[in-house]
Amino acid sequence: MRAVLERAAGRLQELLDPGEAFTAYLEAEESDFLRLNGNRVRQAGHVSQARLKLDLIRGSRHVEATLALSGEPDTDAAALRSLLAELRRILPLVPEDPYLAYAGESARSHDIRPGLLPEADAVLATLRQSAAGLDLVGHWAAGNLFRGFAGSAGQWHWFQAESFTFDWSLYQRADKAVKGRYAGSDWDADTLATRIAATRSQLDIMARPAQVLPPGAYRVYLAPAALGEILGVVAWQGFGLRALRTRQTPLLRLADREASLNPCVQLVEHCAGGTAPRFGPQGFPLPEQVPLIEAGHFRECLADARSGREYGVPVNAAAERPASLEMGAGHLAMADAAALVGDGLLVSDLWYGNLSDHARCAVTGMTRYACLRVEEGRMLSPVEPMRFDVSLYDLLGEGLLGLTRERELLTDTGTYEQRSTNTALLPGALVRDFPLTL
């Protein structure tokens with residue numbers, strides 16, 4: 001894939017007219033996929049693809065297009081020539097862009113993160129043994145993800161990472177299921193078997209009659225995936241510099257020092273720790289870490305290339321929402337979750353989340369997938385889906401009782417157009433007064 005970008009950049013350099021510049025951003029992958037139903041493979045495939053985002057620039061005007069590359073030099077050269085001609089035709093028609101920003105220095109970087117990926121047969125062997133007799137529905141994806149940047153001023157960045165994701169559900173009946181996930185770079189069959197065993201144990205509880213709970217405030221353990229759903233909604237606009245400067249961030253009270261979270265809350269954008277590249281489509285190198293919340297207080301914003309130009313600040317993000325979110329660990333043991341709840345709920349996943357009140361930084365959604373009633377530290381029965389509406393200032397403020405010392409790597413399992421590089425490393429959270437409204 002590196003050679004594909006090198007050839008494209010070299011060809012573009014030859015075709016440039018005086019006064020023109022370009023940036024080229026490559027998104028590519030070599031991925032294997034498995035889709036399972038009833039713990040059997042229903043579909044298997046391999047995807048090899050590369051897409052080039054080309055931005056043609058003259059002065060403060062620019063126009064962008066995306067081209068699928070075949071990897072065949074003559075075919076790609078002809079396609080680039082044709083695309084460049086079309087962009088030249090459009091360029092005089094677009095207005096000047098006062099916030100156009102791209103890396104002008106000839107910086108270079110090379111970041112390869114190898115992994116230990118299994119053959120598909122090894123994955124299936126583990127599933128045959130650990131999920132025998134279960135109705136397992138799942139999706140496996142593994143392989144190399146590539147990102148690259150080349151600019152007409154000589155800039156060059158290359159990123160390559162091997163990773164895998166396995167997302168599954170064990171179905172008991174109808175809408176009663178338990179969801180599980182395993183992702184990373186270094187495959188370990190025992191880890192997958194352990195996680196499937198954990199979901200199997202909850203599946204036995206899902207067979208019991210579901211309880212209908214009255215609305216109220218409950219003591220709750222939020223597993224990392226459930227906590228991640230809430231944080232993901234807040235982070236969509238919460239940490240962006242533009243959202244802060246235009247007063248649209250749901251974390252405005254936190255940023256204005258009118259509110260704070262529990263002192264144990266630490267959130268960072270950790271580019272060096274996830275599977276996202278440390279550069280963006282405009283070629284700016286990114287720091288290893290950006291502290292977002294420190295000791296419960298707002299620390300820094302994420303500024304992409306356009307915001308950096310508009311507000312005169314250094315660029316520290318490819319986009320103004322986290323791509324490698326990481327939350328600091330606590331001291332609780334994840335295995336003690338039910339005992340720590342005592343009387344309340346254990347929430348493995350949430351159905352969805354949306355902002356319900358910007359001013360309160362409140363998120364609403366529904367419970368689903370192994371929301372279990374806990375009494376005297378024992379998981380007793382499933383709970384019928386209920387709506388929640390909770391302010392982050394309450395959830396991770398006075399309502400936070402503790403975080404687990406173990407953290408789970410959550411990957412964005414979306415494969416629309418391509419595999420995502422976004423990740424989150426999160427603990428579980430024990431909270432009080434979690435509001436279920438209906």
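The heavy-atom pair separating Asn39 from Ala131 by the smallest distance is ND2-O, 3.2 Å. The minimum heavy-atom distance linking Gln172 with Ala207 is given by the pair NE2-CB, 3.3 Å. The nearest pair of heavy atoms linking Leu87 to Ala65 is CD2-CB, 3.9 Å. Contact detail for Gly283 and His157: the closest heavy-atom pair is O-NE2, 3.1 Å.
Neither side chain, Arg181 nor Thr165, offers a donor N or O lying under 3.5 Å from an acceptor on the other. Neither side chain, Asn354 nor Thr364, offers a donor N or O lying under 3.5 Å from an acceptor on the other. Remark: the Glu162 side chain and the Ser185 side chain contain no N/O donor-acceptor pair separated by less than 3.5 Å. For Asp389 and Thr437, the side-chain atoms include no donor-acceptor pair closer than 3.5 Å. Residues Ser31 and Glu29 have side chains that bring a donor and an acceptor to within less than 3.5 angstrom of each other. Side-chain atoms of Arg242 and Ser307 include a donor-acceptor pair closer than 3.5 Å.
In this structure, the separation between CG on Leu192 and CH2 on Trp168 is 5.5 Å, given to the nearest 0.5 Å. Separating the CG atom in Leu409 from the OH atom in Tyr182 is a distance of 10.0 Å, to the nearest 0.5 Å. Note: Leu124 CG to Leu34 CG = 5.5 Å, rounded to the nearest 0.5 Å. In this structure, CD on Gln202 lies 10.0 Å from CG on Asp204, to the nearest 0.5 angstrom. To the nearest 0.5 Å, the span separating CG on Leu380 from CG on Leu372 amounts to 9.5 Å. The CZ atom of Arg35 sits 14.0 Å away from atom CZ of Arg42, with the distance rounded to the nearest 0.5 Å.
Within 6.0 Å of CZ on Arg108 lie more than 12 heavy atoms contributed by other residues, nucleotides or ligands. A 6.0 Å sphere centred on CD of Gln129 holds no more than 12 heavy atoms belonging to other residues, nucleotides or ligands. In Arg40, the CZ atom is not crowded: 12 or fewer heavy atoms of neighbouring residues, nucleotides or ligands sit closer than 6.0 Å. At most 12 heavy atoms of other shown residues, nucleotides or ligands fall within 6.0 angstrom of atom CD in Glu119.
Side-chain atoms of Ser169 do not come within 3.5 Å of backbone N or O of Val137 as any donor-acceptor pair. Not a single donor-acceptor pair under 3.5 Å links the side chain of Gln266 to the backbone N or O of Met327. Checking side-chain atoms of Arg309 against main-chain N and O of Leu100 turns up a donor-acceptor pair under 3.5 Å. Not one N or O on the side chain of Ser130 forms a donor-acceptor pair closer than 3.5 Å with the backbone of Ala193. Remark: the backbone N or O of Pro427 is not paired with any side-chain donor or acceptor of Arg407 at under 3.5 angstrom. Side-chain atoms of Arg113 do not come within 3.5 Å of backbone N or O of Phe159 as any donor-acceptor pair. Checking side-chain atoms of Arg219 against main-chain N and O of Val341 turns up a donor-acceptor pair under 3.5 Å. Under the 3.5 Å distance criterion, the side-chain polar atoms of Arg299 are left unmatched by any main-chain donor or acceptor of Val268. When atom types are taken as modelled, the side chain of Glu320 and the backbone of Asp304 share a donor-acceptor pair closer than 3.5 angstrom.
A salt bridge does not link Arg147 to Asp111: none of the charged side-chain nitrogens sits closer than 4.0 Å to a carboxylate oxygen. Asp55 has no carboxylate O lying under 4.0 Å from a charged side-chain N of Lys53, or vice versa, which leaves the two without a salt bridge. Salt-bridge check for Arg306 with Glu310: failed, with every basic side-chain N at 4.0 Å or more from each acidic carboxylate O. Residues Arg368 and Glu229 are not paired through a salt bridge, judged by the lack of any N-O separation under 4.0 Å between the basic side chain and the carboxylate.
The aromatic rings of Phe146 and Trp158 lie tilted to each other, with the angle between the two planes from 30° to 60°.
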Worked verdict on Thr249 versus Gln237 for side-chain hydrogen bond (donor to acceptor under 3.5 Å, both in side chains): CA-CA 6 Å; Thr249 170; Gln237 274 192 309; over 6 Å; no

With side-chain contact (heavy atoms from CB on, under 4.5 Å) as the test, would you mind laying out the steps for Val123 and Leu127 before giving the verdict? CA-CA 6 Å; Val123 179; Leu127 292 178; 4.3 Å; yes

